[in-house]
Amino acid sequence: GSTTATRYDGYCDEDGCDFNSYRMGNTTFYGPSLTIDTTKLFTVVTQFITSDGTSACDLTEIKRLYVQDGVIFENSYATFEGVDTYNSITDDFCAAQKTLFGDTNEFATLGGLTAMGEAFERGMVLVMSLWDDYAVDMLWLDSVYPTTAD
């Protein structure tokens, strides 16, 4: 479901778990002339970490690194109390983030990173698209959301 009343009625996790530096309080990490200067070329590296470092165990963490001008940058840390020790996606981070923002933790209900890792084993195709979120005008992406938040 895509309406508020039916949002969690389907099989998919409508919200997922994400790490957006701006949303997590660091507004100076990513953008023109910032830590990751978006006026210059950069590479995003995403690492899928398992419990024992092999492809045979449970997915436990998703890390993001940036490479720009030959320098490797770790993802920024969240700045809000309760999530300020995190700079990657883990089940603990997801739970803390959902609590912080008052969101439903459907990600955990559907199995979290372990279930995501199991889905990877079945095979996936990366699909990227541009879209709009009419319900909240994409405010969650790079601005203050919800708009009534402190």
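In this text the structure is predicted, and so the values were computed from the model without any measurement. Because only heavy atoms are used, hydrogens play no part in the values below, and waters and symmetry mates are left out as well, while side chains stay in. Start at 1 with the first residue, then count along the sequence.
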Thr50: partners by side-chain contact (heavy atoms from CB on, under 4.5 Å), with sequence neighbours left out:
Asp52, Cys57

ring-ring contact (aromatic ring centres under 6.0 Å, His included) for Tyr22 and Phe29? Distances and angles first, verdict last.
CA-CA 8 Å; Tyr22 194 101; Phe29 183 68; over 10 Å; no

Indicate yes or no: at least one non-hydrogen side-chain atom of Tyr66 is less than 4.5 angstrom from one of Asn75.
yes

Side-chain atoms of residues 91-98: list all donor-acceptor pairs with protein atoms under 3.5 Å, sequence neighbours left out, distances to 0.1 Å.
unit_1 : atom_1 : unit_2 : atom_2 : d
Asp91  : OD1    : Leu113 : N      : 3.0
Gln97  : NE2    : Asp18  : O      : 2.9
Lys98  : NZ     : Gly16  : O      : 2.7

Please report the shortest heavy-atom distance between Gly25 and Phe80, naming the atom on each side.
N-CE1, 3.6 Å

Name all pairs fulfilling the side-chain hydrogen bond (donor to acceptor under 3.5 Å, both in side chains) condition that reach into residues 102-128, sequence neighbours left out, sorted by first residue then second.
Arg23-Asp103

Any chain of hydrophobic side-chain contacts (each under 4.5 Å) joining Tyr77 to Phe101?
no

Roughly how far, to the nearest 0.5 Å, is CG of Asn87 from OG of Ser21?
9.0 Å

Can you list the steps and then say if Val83 with Met24 is a side-chain contact (heavy atoms from CB on, under 4.5 Å)?
CA-CA 8 Å; Val83 294; Met24 297 312 300; 3.6 Å; yes

Main-chain N/O of Phe19 paired with Arg64 side-chain donor or acceptor, under 3.5 Å
yes

If you look only at pairs with a residue in residues 27-36, which of them pass as a salt bridge (Lys or Arg N to Asp or Glu O under 4.0 Å), with sequence neighbours excluded?
none

Can you tell me how far apart CG (Leu34) and OG1 (Thr27) are? Round to the nearest 0.5 Å.
8.0 Å

Partners meeting ring pair (Phe, Tyr, Trp, His ring centres under 6.0 Å) with Phe42 (sequence neighbours left out):
Tyr30

Under a single-linkage definition using a 4.5 Å side-chain heavy-atom cutoff for Ile, Leu, Val, Met, Phe, Trp and Tyr, are Leu100 and Ile89 assigned to the same hydrophobic cluster?
yes

Do the side chains of Phe73 and Leu65 get nearer than 4.5 Å, heavy atoms only?
no

Does the side chain of Leu41 come within less than 4.5 Å of Gln68's, by heavy atoms?
no

Check: Thr90 and Tyr86 side chains under 4.5 Å, non-hydrogen atoms
yes

Hydrophobic cluster membership, Val71 vs Val67, 4.5 Å side-chain cutoff
no

Can you list the residues that meet the side-chain contact (heavy atoms from CB on, under 4.5 Å) rule with Ile49, with sequence neighbours excluded?
Gln47, Thr60, Glu61, Lys63

